[in-house]
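Here is the structure we will look at, set down as structure tokens.
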Amino acid sequence: MSRGHRLTIRAESRVGLEWVLEPSFDGGLILFGGFMTVARCVRSLALRHLLCGCGAIAMLFLGAVAFMSPGYAAEKLNVGEDAGAVAKPASGGEGDAYDVAPEADAVVAKINAAVRSGWKAHNLRPSRQATDGEWCRRAYLDLIGRTPTVEELDAFLSRSSKTKRAELVERLLGSEYADDYARNWKTIWTNILIGRTGGTDRQSLTSRPGMMDFLEQCFADNKPYHLMVRDLVTATGDARPGMKDYNGAVNFLVEKLDEGGVQAAAKTAQVFLGMSVQCTQCHNHPFNEHRQNQFWELNAFFRQARVDVERMGDDNPRRDATLSDVDIAGEGKMLGRDNRREIYLEMRDGKLVDRDQGELYSAPLFYELRNGQLQVAYPAFVDGTTLAELFAEQGPEFGNSGRLTQVNRRHELAKLMLAAPELERAAVNRMWAHFLGYGFTKPVDDMGSHNPPSHPELLDELAKAFRASGFDMKQLMRWIALSEAYGLSSEIGAGNKEDDPELGRPPQFSRFYIRQMAPEQLYESLLTATRADAGMKKFDRELLKQRWLEQFATASGNDEATESTSFNGSIPQALTMMNGELVRRACSADSGGFLDQVANDAELSDREKINYLYLAALSRPPGKDETKICNELLAARYGNVVETLQDVWWAVLNSNEFILIH
Amino acid sequence: MNFTTPRGMSRRHFMQHLAGASALAGPALALTHSLRANAAALKRDHKACILLWMGGGPPTIDMWDMKPGATTGGKFKPIATAGAGQINELLPMVAKQMDHLSIVRSMSTREADHTRGTYYLHTGFVPNPNVIHPGYGSVVAYELAAQTAALEIPPFVSVGGASEGPGFLGMAYAPFQVDSNGRVRDLDTPADKARMSDRMQLLGMLERRFIDQNRGSAAAEHAKVLKSTVELMSSQQMEAFKVDSEPTAMKERYGTTGFGRGCLMARRLVETGVPFVEVQLGGWDLHQNCFTTLETKLPELDKAMSALVEDLDQRGLLDDTLVLWMGEFGRTPRINENAGRDHWARSWSVVLGGGGIPGGKVIGTTNEDGTAVTTEPYSSEDLMATVCRAMGISLETVFTASNGRPMKIANGGKVIGELVA
């Protein structure tokens, strides 16, 4: 199959460009009219290296001076500015905590009605409501990434307000928990965007702290989702914090631009549009509608993106990366005439030309069909919209130009993505799965007619509401967290045995599906429960956490950056929990440590001390039988409270009830 | 309420209170005793399989099915082997073992992306959103459970990489992943045995309580894995991972590389009774500098792979131990402008032998530039069926997947006729 060619364009080109016009979203004076391409580029395999200029014959509309209309961009969501296009969040945010806005209620009611109609259709009786303790635990875990402390749990349980669940959601989304919230969601999204191993290798171009930093800002500001997506897809700048043109957002793409940006296209489609198109780079998808040409047409949007790498020196493996957009001439020209690996662009008579070959044409790329034939591709969005069409007024080939003064392809892609309904559908599906354990499709990032959703109307409604909210992520979380389905017990009843997505059936959400904590959730929960991070600097805290997390993730080292985790319920995880450093520290009897403090708390009886541990780990007090056993253990330890607490704490932390979100 | 400590309450008494209620009663108690038979006492009349997994997709056209003289041929020369075919000159030691190994040159598959290809070659199925299929290791571990009753360490070990998961067979058949030094993290318990045993009792009760609340299968799966973990922690058989205890000459024969140590560990694990070991050698995704990379990669493979086959043979283990060498696909016959080869699934090779698979054969051919298979093409399903048959696993086996659907072992693949002894 075809891979992109490494395209190196010397810096002169960019200097030259500044002479013309600044690239702009809304257009401006452009010196060229347009190009027309005769795209008969099917070439046999043997001709690959000999691809000559006739692959893309261009006819030039000479000297036309056109005024490029901003019309297209103006109709769509404005991607150029943060303000303006975005509607105010439906509920006022932090100021008016403890009140669920009426808009929120309406959407929650819609969710409940849609899920209920599914129960009816499948003849299911839902599980009982989760207890307050169970619900509180899951809300803390899902919204801020850790279990509640005993004090937090107590505060919730002791409230008698009828709307206390809504109140808790507001608190967790509000200023009181701003740090926990931002930490949780930056972690989740860092893992989505660059995986658990992204940036962990010393030679990696990706700066994990940079990615984290950008996302932390996004979530701390509750940046509208579509703007976060836009920033990630169009980012330029330096990857590492502290560098001159630092922009953490570049870390999404900075290591995905090899081989012509195959991974950039695949990941962008998968993460933001819910389209798994990875395999279509080589062939039409075996069981969905995606076609190979679509992959490469999407990939064409990333061809102007380029990464410059600066080595820190011979002894230092660290490499600093900068992501920018550059003019491209297209593959045909580059390899076509003389196999040149570098192109020099310069201004000549007010036109940007290839120093050695003269006028520039539209910039195509080539990919290989399964039968070995080469095919040409120009930028086209997944819905078939081509840049050539969008810019047709400027001439038939204008939209296919590789010149930034004419078309910045990533900016155009962002506009198209932000206008596409797939954007909110993918986001809503992912968010629903985060809270409910299963999305409307499985997997969440492979949507489409080949994989029908379990609740099509609900997905539609929620997606629309999310867009209408101005892509307000907190609002979306609020709706889902306050839904009836999220409030159900995880206990399977006689009336909903059939509702089991593990059996491959579409989930009906008639109970809360249990799932394992992520390693990050475990870590944060233990740290908070044992107050082990008291007085720790943020930087050190993150560093220690990262080091602990790294032991579980393995990268496969191929060009898809596949990775796996051993924190998956297997033996290595059990070993870590039983014998590893983290739990060992949590269970230590060191003077001044957590267990020591509990043991020596004069206000607590022995029984209350054991209760405290149960509440801290499981958000419930021990049952009668458990109290009895713990008492007996204390007796067997000849009244040594600290030792007994150590044993009890170890056991609850290692239990299924602790590690499972239920 | 502050309760007074009943003096004289012994540990034994405490344990008695718990024994019935625990989900882990057996292994928890075992912690205080030394466990059953050690490795040496194990019978050796069992079948085993070692998968040498070449993650990234190795250029088989440069290794097992060379095309000297063709434009796609690359720079290396073929050499004769102890078997029928010729192979790369950089694999001279493997060449001497080729009387034990056969090459299938007519693999032809459709998945040319890493994730999908890796899944397909491991399971015989293409990825499907509704069901996760078990890979080779899990299938073998599951099917040979009867033969591994005395095994205290996991029946499926993956060295140097993660392999594919157990799918609908459940976490009890998940790969146990170790690095090639055989270091298993966190094996030492944080407290003495008596105390750990108490803790396990308490934990067992917690597990049971939660399982009984009927909240889904994950609760019971957790208890099962805990049980295996405790068993492993106290097992003598863990010695099998200690590859460093081998004599220096032996270690050098396999090569002092990660893959060399992994292959040596595989032999030790098979001796101990582990029915499936996967050893991974990654870094085959040679889009660039294919040939210069092979100059260092092939010698590493040559040493380890030849040592493994030779060693198994000398120990009398080769007749019952199948060795399978493969990646997720081959690489393009066309050499790209970066002196690399890209993903290619249409015509490529795998190598296997031992465990009743006849050696020295070359099965299938490709055309003169290696771009197409000219004989009957074989699929992942066919290869898996061939391996299962050699392992004594019935091809009539039908699993019931988690979605209730019947699922034929090896996806109903057909045994490669030439590889039937």
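These figures come from a predicted structure and were not determined experimentally. In what follows, chains carry the letters A, B, and so on, assigned in the order in which the sequence lines appear, proteins first and then strands, with residues in each chain numbered from 1.
- With chain A as the partner, the residue from Gly282(B), Ser217(B), Gly283(B) showing the most heavy-atom pairs under 4.5 Å is Ser217(B).
- Residue contact with chain B, scored on non-hydrogen atoms closer than 4.5 Å, involves the backbone and the side chain of Gln551(A) alike.
- Counting heavy atoms from C-beta outward, Met578(A) and Thr229(B) have side chains that approach closer than 4.5 Å.
- Between the side chain of Arg515(A) and the backbone N or O of Ala218(B) there is no donor-acceptor pair closer than 3.5 Å.
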Does Leu203(B) form a side-chain contact (heavy atoms from CB on, under 4.5 Å) with Trp650(A)? I'd like the steps, not just the answer. CA-CA 8 Å; Leu203(B) 175 54; Trp650(A) 183 92; 3.9 Å; yes
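- Looking at Leu660(A), only its side chain comes within 4.5 Å of chain B, counting heavy atoms on both sides.
- Residues Asn214(B) and Glu491(A) fail the side-chain proximity criterion, which asks for heavy atoms closer than 4.5 Å.
- In Leu169(B), the CG atom is crowded: over 12 heavy atoms of neighbouring residues, nucleotides or ligands sit closer than 6.0 Å.
- The most heavy-atom pairs under 4.5 Å with chain A, out of Ala162(B), Gly56(B), Ala219(B), come from Ala219(B).
- With a 4.5 angstrom heavy-atom cutoff, Ser489(A) touches chain B only via side-chain atoms.
- In this structure, Arg185(B) does not pair ionically with Glu581(A), as no charged nitrogen and carboxylate oxygen lie closer than 4.0 Å.
- No donor-acceptor pair under 3.5 Å is formed between the side chain of Glu221(B) and the backbone N or O of Gly569(A).
- Among Pro166(B), Pro190(B), Gly165(B), the residue making the largest number of heavy-atom pairs under 4.5 Å with chain A is Pro190(B).
- In this structure the side chain of Glu259(A) reaches within 4.5 angstrom of the side chain of Gln288(B), judged on heavy atoms.
- The greatest number of non-hydrogen atom pairs below 4.5 Å with chain B, out of Ile514(A), Leu653(A), Asn568(A), is found for Ile514(A).
- At a 4.5 Å heavy-atom cutoff, Gln573(A) makes no contact with chain B through either its backbone or its side chain.
- A donor-acceptor pair under 3.5 Å is formed between the side chain of Arg195(B) and the backbone N or O of Glu643(A).
- Residues Leu206(B) and Phe658(A) form no side-chain contact, since every pair of their non-hydrogen atoms from C-beta on lies 4.5 Å or further apart.
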Under the side-chain contact (heavy atoms from CB on, under 4.5 Å) criterion, do Phe168(B) and Glu502(A) qualify, and how do the steps go? CA-CA 9 Å; Phe168(B) 54 73; Glu502(A) 274 177 48; over 6 Å; no
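- In summary, the side chains of Asn656(A) and Glu207(B) do present a donor paired with an acceptor at a separation below 3.5 Å, with no hydrogens or angles considered.
- A heavy-atom distance below 4.5 Å is not found between the side chains of Arg511(A) and Arg215(B).
- Ionic pairing of Asp186(B) and Arg584(A) is not present here: no N-O contact between side-chain nitrogen and carboxylate oxygen is shorter than 4.0 angstrom.
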